[in-house]
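Step one of this worksheet: look at the structure below.
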Amino acid sequence: MRKEKELLFEMGAPGRRGALLPACDVLARPLGDLLPEKAQRGLSLELPELSEGEVIRHYTALSARNHGVDSGFYPLGSCTMKYNPKVNEEAAALPGFAYLHPCQDDSTVQGALELLYRAEAYLNEITGMDRVTFQPVAGAHGELTGLMLILAYHRSRGENRNKVLIPDSAHGTNPASAAMAGCSVVQIPSDARGLVDLEALKKALDEDTAALMLTNPNTLGLFEEEIAAIAAAVHGAGGLLYYDGANLNAIMGYTRPGDMGFDVVHLNLHKTFATPHGGGGPGSGPVGVKERLVPFLPLPLVEKRGADFYLDYDRPQSIGKVHGFHGNFGVVVKAYTYMAMMGAAGLKQAAADAVLNANYLMERLKKSYLLTHDRLCKHEFVLSAAWQKKNGVSAADIAKALLDYGFHPPTVYFPLIVEEALMVEPTETESKTTLDRFATAMEEIARLAGEDPAQVTGAPHTTPVGRLDEVRASRQPRVRWTPAAK
Ligand SMILES: *Cc1c(COP(=O)(O)O)cnc(C)c1O
């Protein structure tokens, strides 16, 4: 039997303390003098009473029950769980950044404005765009912002285009963002190579097409080889091109969305640019645009006059604000630190290593797992557990089994176009030793799936809790502790 960790409320004893305070030397006044009776608490707080040591041990034990990039390999496809250098945290914690107030006068925050200005210049260079806004605070938020910019552009030209074309290999946030922006979504099929079916795309284009949203490399980890023809077709029909650049790991320093013909791109600083994510944030999904969309960018932009930086609110065609102030500024500080530290050559090397690591793992694992699209991959690849499924072992079982080997599982059941998908993204920050250990574990699980499937379907065997009832957890969440009746 595995034992659930006790809660703080179930520990300690009455009167136990973490600190010794001197006796109170302030004259006590009746509470009624200070607070009207109806505002006074009727029941005692029932806080747990614990020593400092108990509290520290409790939280240290809890922290060790989670898996993070700082504790082990985390090959979660489409998430770029690379190691985040700790120097980024130090930069973001500098008092000159951490203790600013967003309403301070421009003249008192010149350093912060310069950082935003420089970070924008880096991202313009990396993406091939003309301007970037840092206001969106997640990838999906960037998508929504980008689509709002595209719609504002079409409206400014008197065009009411409303249709967004999205390949079936796209990240689920793409159609969701398009629907949220009020657009209708048309799905474009992939062909046998796993790439956009150009003929199907051409057929779907018409005078109502606002944009094509594309991820390149796509979620199979494959580079869209006909990207120039795709861009020409969409522009030819009067539509714009939106690039989902959440994972820029594969192309950084080699090619740029702007050069491929895209008009808008969002990036996830919390993926490619080494700032932590998971658990819901904070993230940063800056959006870059080509010249013709610049007038519509959210307010304000950082501008430079002489040697001074200032915030420009004088932007009459702007779509307004999509978030308070400048988005998640701390995340931008971390990403800027990362980019400055890596330099252009370092970022390019990171992309090369990310692609090399993915291809190395793919070549080794395609002997044990079905590889439906056997082409040179970019930063990630998608295996199928179809062979194992014949023995009753699913992608989810394989994911659970990996936990017993100390690895975070890959992304499963995405993209939807691969049956029993296992999407692996090793990132550039892993050594060959780690990749080999992971591959050996995957091979071992494939062998067990053939010889002793119950071992795999019963996994995990070593974690604090086993298989959770995921449906019940989301339908009937128990998020509040209730004391046992006295
Ligand atoms: C992660 C991801 C997103 C969404 O980013 P969030 O910050 O989670 O909103 C969008 N597209 C792709 C391809 C992604 O990998």
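Every value quoted in this text rests on a predicted model; they were computed, and no experiment measured them. Atoms within a ligand are numbered from 1 in the order they appear, just like the ligands themselves.
Between Lys82 and Glu425, none of the side-chain N atoms (NZ, or NE/NH1/NH2) sits under 4.0 Å from a carboxylate O, so this pair counts as no salt bridge. A salt bridge is absent between Glu224 and Lys378: the closest approach of a Lys/Arg side-chain nitrogen to an acidic carboxylate oxygen does not fall below 4.0 angstrom. Using a 4.0 Å cut-off between charged side-chain N and carboxylate O, Lys400 and Glu470 make a salt bridge.
A donor atom on one side chain and an acceptor atom on the other are not found under 3.5 Å apart for Thr457 and Asp397. If you check the side chains of Asn357 and Glu428, you find no donor sitting under 3.5 Å from an acceptor.
Protein residues are said to neighbour a ligand when one of their heavy atoms lies under 4.0 Å from it; for ligand 1 these are Ser78, Ala138, Gly139, Ala140, Glu143, His171, Thr173, Asp244, Ala246, Asn247, Asn268, His270, Lys271.
Side chain of Asn88 to main chain of Thr337: no donor-acceptor pair is present (N/O by atom type, distance under 3.5 Å, no hydrogens or angles).
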